[in-house]
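To start, the structure itself, in structure tokens.
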Amino acid sequence: MADWSALQQRLPLMDKARLAQLDGELGTDTLHRLLGLFLEDGRLQGEALSRTFADGDFEQMAKSCHSLKSACGSYGALRCQFLAEKLEAGCRQQDAEATGALMVAWELALSETLSEVQAQLEAR
């Protein structure tokens with residue numbers, strides 16, 4: 001794997017253009033409801049991924065990462081999407097060392113992303 005660490009730090013947590021597009025297409029109320037669901041689902045899926053990581057279940061981790069990658073991409077959570085993609089690849093290769101480092105970075109990015117989404121919802 002390339003130097004994902006430097007790349008991921010250059011990515012924004014949330015793609016403002018994607019959020020603006022969703023706002024224009026769906027309306028502010030609908031977008032906020034969807035972001036609330038993303039917030040809840042992100043927490044649940046993050047906890048599930050942490051459990052499968054602790055169990056060393058690479059196959060289930062790869063499946064979870066694939067799902068997370070799609071969800072994050074839908075809402076413009078660019079850093080989480082990028083890291084989920086790299087984490088999925090590490091899991092498919094059953095690379096414990098790379099997966100461990102990616103998991104730490106992904107958990108931090110998820111926490112920061114969910115905090116940003118929560119702040120956006122509260123600012124409404």
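In this text, all values refer to a predicted model and were calculated from it rather than measured experimentally. As a basis for the values below, the full set of heavy atoms in this structure was taken, side chains included, without hydrogen atoms, waters or symmetry mates.
Note: the hydrophobic cluster containing Leu110 also contains Leu37 (ILVMFWY, side chain heavy atoms under 4.5 Å, direct or indirect links).
Minimum heavy-atom separation, Thr99 to Cys91: OG1-N, 3.9 Å. Across every non-hydrogen atom of Thr113 and Cys80, the tightest pair is OG1-SG, 3.5 Å.
Applying the ring-ring contact (aromatic ring centres under 6.0 Å, His included) test to Phe58 and every residue at least two apart in sequence or in another chain returns nothing. Glu47 is linked by a side chain to side chain donor-acceptor pair (under 3.5 Å) to nothing, counting only residues two or more places apart in sequence or in another chain. Glu88 pairs by the salt bridge (charged side-chain N to carboxylate O under 4.0 Å, His left out) definition with Lys69, Arg92, not counting sequence neighbours. Legend: residues meeting side-chain contact (heavy atoms from CB on, under 4.5 Å) with Leu26, ordered by chain and number and at least two apart, are Leu22, Thr30, Leu34. For Leu49, the side-chain contact (heavy atoms from CB on, under 4.5 Å) partners two or more places apart in sequence, or in a different chain, are Thr52, Met61, Ser64, Cys65, Leu68, Leu87, Met103, Trp106.
Listed by first then second residue, pairs satisfying salt bridge (charged side-chain N to carboxylate O under 4.0 Å, His left out) with a partner in residues 51-60 read Glu59-Lys63, not counting sequence neighbours. Pairs engaging residues 101-113 under the salt bridge (charged side-chain N to carboxylate O under 4.0 Å, His left out) rule: Arg79-Glu112 [sequence neighbours left out]. Applying the salt bridge (charged side-chain N to carboxylate O under 4.0 Å, His left out) rule to pairs touching residues 33-43 yields nothing, sequence neighbours excluded. The stretch residues 72-99 participates, sequence neighbours left out, in these ring pair (Phe, Tyr, Trp, His ring centres under 6.0 Å) pairs: Phe38-Tyr75. Residue pairs that meet the salt bridge (charged side-chain N to carboxylate O under 4.0 Å, His left out) test with at least one member in residues 10-25, sequence neighbours left out, are Lys16-Glu116.
In summary, the side chains of Glu122 and Gln118 do present a donor paired with an acceptor at a separation below 3.5 Å, with no hydrogens or angles considered.
His32 NE2 to Leu121 CG: the interatomic distance, rounded to the nearest 0.5 Å, is 6.0 Å.
For His66, the NE2 atom sits in a loose shell: 12 or fewer heavy atoms of surrounding residues, nucleotides or ligands are nearer than 6.0 Å.
Considering only heavy atoms from C-beta on, Leu102 comes within 4.5 Å of Leu83 through its side chain.
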Apply side-chain contact (heavy atoms from CB on, under 4.5 Å) to the pair Leu78 and Met14, showing each step before the final yes or no. CA-CA 6 Å; Leu78 296 180; Met14 297 296 295; over 6 Å; no

